[in-house]
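Only one structure is covered here, and it is reproduced in the block below.
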2 protein chains.
Amino acid sequence: MGRTASVDEAVVQARLAEVFRAGGYAGASLSALSAAVGLQRASLYHRFPDGKPAMARAVLQGIEAELQETLRPLHAEPDVAEGVAEMARRIARGYQDGRVACVLDTMTLTGAPDDITAHAARLARQWLAAMADASLRAGADPQQANARAQAALVRIQGALVVSRVLHDPSVFEQTLTELPALLLSDRRAL
Amino acid sequence: MGRTASVDEAVVQARLAEVFRAGGYAGASLSALSAAVGLQRASLYHRFPDGKPAMARAVLQGIEAELQETLRPLHAEPDVAEGVAEMARRIARGYQDGRVACVLDTMTLTGAPDDITAHAARLARQWLAAMADASLRAGADPQQANARAQAALVRIQGALVVSRVLHDPSVFEQTLTELPALLLSDRRAL
DNA sequence: GTCTATATTTGGATAGAC
DNA sequence: GTCTATCCAAATATAGAC
């Protein structure tokens, strides 16, 4: 414990994220955050002088970076179908196959700072735009593409909620298998 | 302010529910609950001697009663299609057309008492069972019926999350219009 | 950079007057 | 049944030693 960081910044961010994700903004107490990171509360304040709101902001920035990586295959993959399949795999991994909640849901309950909820909304829109773009590339018309992207996000978020409430990750896994068809299929998909 | 209740029990329950719904269990402070109900904290303790967990239990009991009413048309209506349509209308009303969150989602984050999360899981299963039954009556085979009920709950919950995060209730309204087809349609619906 | 110690505020809960 | 006043614990945040 000298003057050099005992815990890597990315690790701190990831462990903070776990706490905010599981308990929401209000449920993430400094004690819980401190315990999860393995640093005393005062040490957290050294890294985040603006306190809990700053920690939440850092978490969302980390989530944003992770989301970019998750969505990258949607435009980087020459084969759209493979891109969507890869996104689905990354989503499955990121949400631990449905065993953890989504920060976009849990961190945006009443009580969270406004900039947090605003950032979450931006992330959701990025996600929608990336999926709509993939659907477009797969041959859907623009209106269809937007509708399918919206339906996809609705199902992902809903599956996470239902899986968590029922303690049944299979709901999430099942839903993910249907994602590619939803975004890509030619036939009219609800 | 004599010895007679200044606020009706059902009203208290409903106002407590608003706070738990919006902020989750952890976010529902006694001060917020007190302010919402219009009674001092001590008065809340008179009605709920076991404190905040008891208030949360009362809220879930109220939600359970409301859910029964919401689902009643599914088996009470002779015409299944009309029953599903009526359920959809009641859901729309209960969630204020997508402007409020679902207690099953927000009250079940880490930090809530175990009996609360267990109760929420039971309510979700009741909901699924009622929709699966309607789908069965509409001609689906048992496996289809369960899958469709699950898909319906996933979409409802997901639409509430996405609507809230985007501040766009139209996502919820759009999703609700698709519910009847999902539960009733003969053709293979994802 | 991390720690112990402490300050301050809020949250949960109780006592007792009316 | 509701209130004011109070208690205690927990949550947020800061000071200063190492």
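Chain letters run A, B, ... following the sequence lines, proteins first and then strands; every chain starts at 1.
In the set D:dT14, D:dT2, C:dA13, D:dT2 carries the atom at the smallest distance from any side-chain atom of B:H46. Of the candidates C:dC3, D:dT2, C:dG11, D:dT2 carries the atom nearest the B:A5 side chain, counting heavy atoms from C-beta on. Comparing C:dA13, D:dT12, D:dT2 by their closest approach to the side chain of B:K52 singles out C:dA13. The side chain of B:R47 lies closest to D:dT2 when the candidates are D:dT2, D:dT14, C:dG11.
Regarding contacts with the backbone of C:dG1, every side-chain N or O of A:S6 stays at 4.0 angstrom or more from both OP1 and OP2. Residue A:T4 has no polar side-chain atom (N or O) positioned under 4.0 Å from OP1 or OP2 of C:dG1. Look at B:Y45 and you'll find a side-chain N or O under 4.0 angstrom from OP1 or OP2 of C:dA13.
As rounded to whole Å, 9 Å separates atom P of D:dT2 from atom CG of B:L44. Computed from coordinates, the B:F48 CZ to C:dT14 P distance equals 15 Å when rounded to whole Å. Distance, B:Q40 CD to C:dG11 C1': 15 Å, rounded to whole Å. Rounded to an integer number of Å, the gap from B:L33 CG to C:dA13 C1' is 14 Å.
Backbone-only engagement by A:S29 is indicated by non-hydrogen atom pairs under 4.0 Å involving sugar-phosphate atoms exclusively. Among the atoms of the strands shown, base atoms are found under 4.0 Å from some heavy atom of B:S43. A:R41 comes within 4.0 angstrom of a nucleotide base, judged by non-hydrogen atoms across all strands. Using a 4.0 Å heavy-atom cutoff across all strands shown, A:V12 reaches no nucleic acid atom at all. Among the heavy atoms of the strands lying under 4.0 Å from A:A28 are primed sugar atoms or P, OP1, OP2 only; no base atom is included.
Judged by closest nucleotide on DNA chain C, A:V7 is the one of A:V7 and B:D50 placed further toward the 5' end. Two residues, A:A42 and A:L30, neighbour DNA chain D, and the one matched to the more 5' nucleotide by heavy-atom proximity is A:L30.
Looking only at distances, a side-chain donor or acceptor of B:Q13 sits under 3.5 Å from a matching main-chain atom of B:A58. With B:T175 contributing its side chain and B:I156 its backbone, the two residues share no donor-acceptor pair below 3.5 Å.
A salt bridge links A:R164 to B:D105: one of the charged nitrogens lies within less than 4.0 Å of a carboxylate oxygen.
A cation-pi arrangement, defined by a distance under 6.0 Å to the six-membered ring centre and an angle within 45 degrees of its axis, is absent between B:K52 and B:Y45.
Here the CG atom belonging to A:L128 is positioned 12.5 Å from the CG atom belonging to A:D133, to the nearest 0.5 angstrom.
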